Structure formats: C-alpha cells, structure tokens
Trainee: 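Sharing a structure, written as structure tokens. Questions coming.
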Amino acid sequence: MTDPLIRIADALDRLAPPAPAPADPLAHPAYIWRGDTLTAARDFTALPLDQLQNIDLQKTALLGNLERLAQGAAAHDVLLWGARGTGKSALVKSAVAQVQAAGGNLALIEAVTTRLDTLPALFAAIAAVTRAFVLFIDDLGFDAAGDARALRSMLEGGAEARPANARLIVTSNRRHLIPRDIAEQESAINPRDAVDDQLALADRFGLSLGFHAIDQDTYLAIVEGYASAHGLPFDPVEAVGWATRRGSRSGRVAWHYVVDLAGRSGKSLR
C-alpha cells in the first residue's frame, strides 16, 4: 500500500501544479507579468500607427521616447491620461510594434494593476537582460494617495527604482491618477500639503500626454480610416447613430462600429 502522506502530496500536486517556467525575455515581442512569472503574450497585435487619427503630437512624442529607450539612450517614464476610448492603450501597443518593426530591441511587459507590489521582483528579473522593456500598466487609478506611494518610489527617489533598461508607461482616465477630494483639502492643517501629496505621483512621469474628447467630424474620419483599411463601405448617418446610442464619440466607439459593420458584411478583421 502507498503511504497515505505520499498519496496526499500527489493529490495536492495535481490540484496545484508547479508554476510554468519563465518565458525567455529575449524571444517574444510582448509579455504578461501577473506577479510571479514572466509569460509570453499569446497574441500581440497592434494597429498600424497611421490608423490612429487626431493624436499626431502624442504619436510623435511617444514614438521618439521609445526609440531612445530601445537605443539605450535616456528616456522618460510616460503617463497617458484623458478621455476614455481615445487611443491611449492602442497607441502604446502600436508605438512598441513600430519600434520593433524598425529593428529596435524593445519588448512590452504588461503588468496587472492589482500586483504592483511585485514590480521589484520583475525589475530584478529583467535588469541584466540585454534588451529594453516597456512596463505597461493600463487603466491605472488609485482610491487614495497612500496606495500610490510604492509606485511613486519605483519611478523616482526610492531605494529600488526601475532598472535603466526599463521605463513605465501608464494609462489613466485621470490626469493626476488620484481623485482630488475637496473636503480632505479643506480639513487639512495645510491644504497645500494634501494637494502636493496627491500630485506627487503624476509629477514623477517625465512625459505626460493628454487625450481629449473628439468632435463628430473627427469621429467620422476615424470610422472612415478603419473602414477604408478593411475595404468596408459605410453610411455616415448610421455611424453617427451608433455613437449616439453609445452616448460617446471616440476612437474605441468608431472601432466597435467597424467591427459590427464587418460582421454584418460577413468579413473578418483579422
């Protein structure tokens, strides 16, 4: 008879198999960091930069910064902030893909926002790798300033900052990442101290790029760009109606309309 302890141990191993081996940090264009192991992204796809419209200044600034990072030159941590659906996340992926297509030795690592406390372990894993990395934190926001202090020290001023071959790129709907509570400022002994504490994280990004709501003409131009790229005719009145029902005009809403248009036309966008 098998020892009961051995059987129990085997059962536990089946329930909780060992973690997969870390992905080779030189072999893939994009990775996911969930707090313990670097894994390769299954399908890293990005829109061509020229399909992202009405954000030319943001494109130029971010692309130039990533090119410098890939070359081993000085580069900024970047905050992309503004209205939802305006292309912040899409621009990050498109700019990384553009640098890679031009031969740049750069990879993207997306870190989940719930495990930011594990970033020092990620930094240790990639610090000696002969490759540049974009550490991408998407849709970041904090409920209070105290929650942001750990990330603040990693950006600048802490004992364990990010390595020279890595820079953080963060997207957020909030310009300052943390909601500004007027009541908290009024109750503070020195209100300016409360404001400064809340703005200290956003101030640590060397490059801050704003994204703003678009008008109807720009929305239709984005729809036309997407539709033309995929050979899809479209009705501007229908496209406006789609945005009206969604209660928003943005690049994301335009893309969703084109996805629906392609589906109704029996076409794939892949």
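Computed from a predicted model, the values in this text were never measured in an experiment.
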Trainee: Got a sec, which residues hit side chain to side chain contact (heavy atoms under 4.5 Å, CB included) with Q98, two or more places apart in sequence or on another chain?
Mentor: L49, L63
Trainee: Roughly how far, to the nearest 0.5 Å, is the CD atom of E67 from the CG atom of L106?
Mentor: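 Between atom CG of L106 and atom CD of E67 there are 10.0 Å.
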Trainee: Does atom CZ of R42 have more than 12 heavy-atom neighbours, drawn from other residues, nucleotides or ligands, at distances under 6.0 Å?
Mentor: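 Count not over threshold, so no.
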Trainee: How about E224: does its CD atom have over 12 heavy atoms from other parts shown lying under 6.0 Å from it?
Mentor: no
Trainee: How long is the span from the NE2 atom in H212 to the OG atom in S250, to the nearest 0.5 Å?
Mentor: 14.5 Å
Trainee: Give me the atom names and distance for the closest heavy-atom approach of A70 to A132.
Mentor: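 Heavy atoms of A70 and A132 come nearest at CA-CB, 4.0 Å.
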Trainee: Test side chain to side chain contact (heavy atoms under 4.5 Å, CB included) on Y257 and Y226; report intermediate values, then the result.
Mentor: CA-CA 10 Å; Y257 168 71; Y226 285 146; over 6 Å; no
Trainee: Does T218 reach the side chain of Q53, with side-chain heavy atoms less than 4.5 Å apart?
Mentor: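 With C-beta onward as the side chain, the pair stays apart.
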Trainee: Taking the side chain from Q100 and the backbone from N105, do they hold a donor-acceptor pair closer than 3.5 Å?
Mentor: no
Trainee: I'd like to know whether I32 forms a side chain to side chain contact (heavy atoms under 4.5 Å, CB included) with R34, so could you lay out the CA-CA distance, the side-chain angles of the two residues, the decisive distance to 0.1 Å, and finally the verdict.
Mentor: CA-CA 6 Å; I32 306 295; R34 294 188 174 88; 3.6 Å; yes
Trainee: From the options L207, L209, T60, select the one residue that forms a side-chain contact (heavy atoms from CB on, under 4.5 Å) with N65.
Mentor: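 The residue from L207, L209, T60 that satisfies side-chain contact (heavy atoms from CB on, under 4.5 Å) with N65 turns out to be L207.
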Trainee: Would you say the side chains of W81 and T171 form a donor-acceptor pair under 3.5 Å?
Mentor: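 Distance-only check fails for W81 and T171.
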Trainee: Look up atom NZ in K59 and atom CG in L91, then write down how far apart they are to the nearest 0.5 Å.
Mentor: 8.0 Å
Trainee: Mind checking whether V96 and L66 have side chains closer than 4.5 Å, heavy atoms only?
Mentor: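 The answer is yes, as the side chains (C-beta and beyond) meet within the 4.5 Å cut-off.
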Trainee: Do you know which two heavy atoms are closest between F133 and I109, and how far apart they sit?
Mentor: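 Answer, listing the atom of F133 first, then I109: CD2-CD1, 3.6 Å.
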Trainee: Would you confirm whether N165, through its side chain, and V129, through its main-chain N or O, come within 3.5 Å as a donor-acceptor pair?
Mentor: yes
Trainee: Are the side chain of Y219 and the backbone N or O of A239 linked by a donor-acceptor pair below 3.5 Å?
Mentor: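 Yes; at least one donor-acceptor contact below 3.5 Å.
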Trainee: Compute whether any side-chain donor of one residue and acceptor of the other, for T39 and W33, lie under 3.5 angstrom apart.
Mentor: no
Trainee: Do S94 and L52 come close enough that some side-chain heavy atom pair is under 4.5 Å?
Mentor: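 Result yes, sub-4.5 Å side-chain heavy-atom pair found.
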Trainee: I'd like to know if K88 pairs up with D139 as an ion pair, taking the criterion as any Lys NZ or Arg NE/NH1/NH2 lying under 4.0 Å from an Asp or Glu carboxylate oxygen.
Mentor: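 Salt bridge absent between K88 and D139.
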Trainee: With the side chain counted from C-beta on, respond yes when Q216 and R249 share a heavy-atom pair under 4.5 Å apart, and no when they do not.
Mentor: yes
Trainee: Checking the side chain of T86 only, and the main-chain atoms of A83 only, is there a donor and an acceptor separated by less than 3.5 Å?
Mentor: yes
Trainee: With a 4.5 Å cut-off on side-chain heavy atoms, are L269 and W255 touching?
Mentor: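 Heavy-atom side-chain distance check passes, below 4.5 Å.
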Trainee: Looking at P25 and L38, what are the two nearest heavy atoms and their distance?
Mentor: CB-CD2, 4.3 Å
Trainee: Side-chain heavy atoms under 4.5 angstrom apart, residues restricted to Ile, Leu, Val, Met, Phe, Trp, Tyr: same cluster for I126 and F136?
Mentor: no
Trainee: Could you report the tightest heavy-atom contact between H28 and A107, atom names first, then the distance?
Mentor: O-CB, 4.0 Å
Trainee: A side-chain contact here means heavy atoms from C-beta on lying under 4.5 Å apart; do R167 and V78 qualify?
Mentor: no
Trainee: Any carboxylate oxygen within less than 4.0 angstrom of a Lys/Arg side-chain nitrogen, looking at K93 and E110?
Mentor: no
Trainee: Return the minimal non-hydrogen interatomic distance between V253 and A243, and the atom names on each side.
Mentor: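 Reported closest heavy-atom pair: CG1-CA, 4.0 Å.
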Trainee: Find out if a path of hydrophobic residues (ILVMFWY) with successive side-chain heavy-atom gaps under 4.5 Å connects V99 to L69.
Mentor: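 Yes, V99 connects to L69 through the hydrophobic network.
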Trainee: For R68 and H76, which I'm curious about, is there any donor-acceptor pair between the side chains at under 3.5 Å?
Mentor: no
Trainee: Nearest 0.5 Å, what's the OG-CZ distance between S172 and R84?
Mentor: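 One gets 13.5 Å once the value is rounded to the nearest 0.5 Å.
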Trainee: Is there side-chain contact between T118 and D36, with at least one heavy-atom pair below 4.5 Å?
Mentor: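 Side chain of T118 against side chain of D36, heavy atoms only: no contact under 4.5 Å found.
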Trainee: Is there a path from L79 to L140 through hydrophobic residues (I, L, V, M, F, W, Y) whose side chains come within less than 4.5 Å of each other?
Mentor: yes
Trainee: Please check this pair: side chain of D77 against backbone of G206, looking for a donor-acceptor N/O pair closer than 3.5 Å.
Mentor: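 No; judged by distance alone, with no hydrogens or angles, the pair does not exist.
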Trainee: Which heavy-atom pair separates S89 from D138 by the least distance, and what is that distance?
Mentor: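 Between these two residues, the closest heavy atoms are OG-OD1, 2.5 Å.
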Trainee: When clusters are formed by joining ILVMFWY residues with side-chain heavy atoms under 4.5 Å apart, either directly or through shared neighbours, do Y31 and F44 land in the same one?
Mentor: no
Trainee: What's the spacing between H256 NE2 and L261 CG if we round to 0.5 Å?
Mentor: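 Interatomic distance, H256 NE2 to L261 CG, rounded to 0.5 Å: 14.0 Å.
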Trainee: Taking a hydrophobic cluster as the set of Ile, Leu, Val, Met, Phe, Trp and Tyr residues connected by side-chain heavy atoms closer than 4.5 Å, whether directly or through intermediates, do L135 and V112 fall within one such cluster?
Mentor: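 Each belongs to a different hydrophobic cluster.
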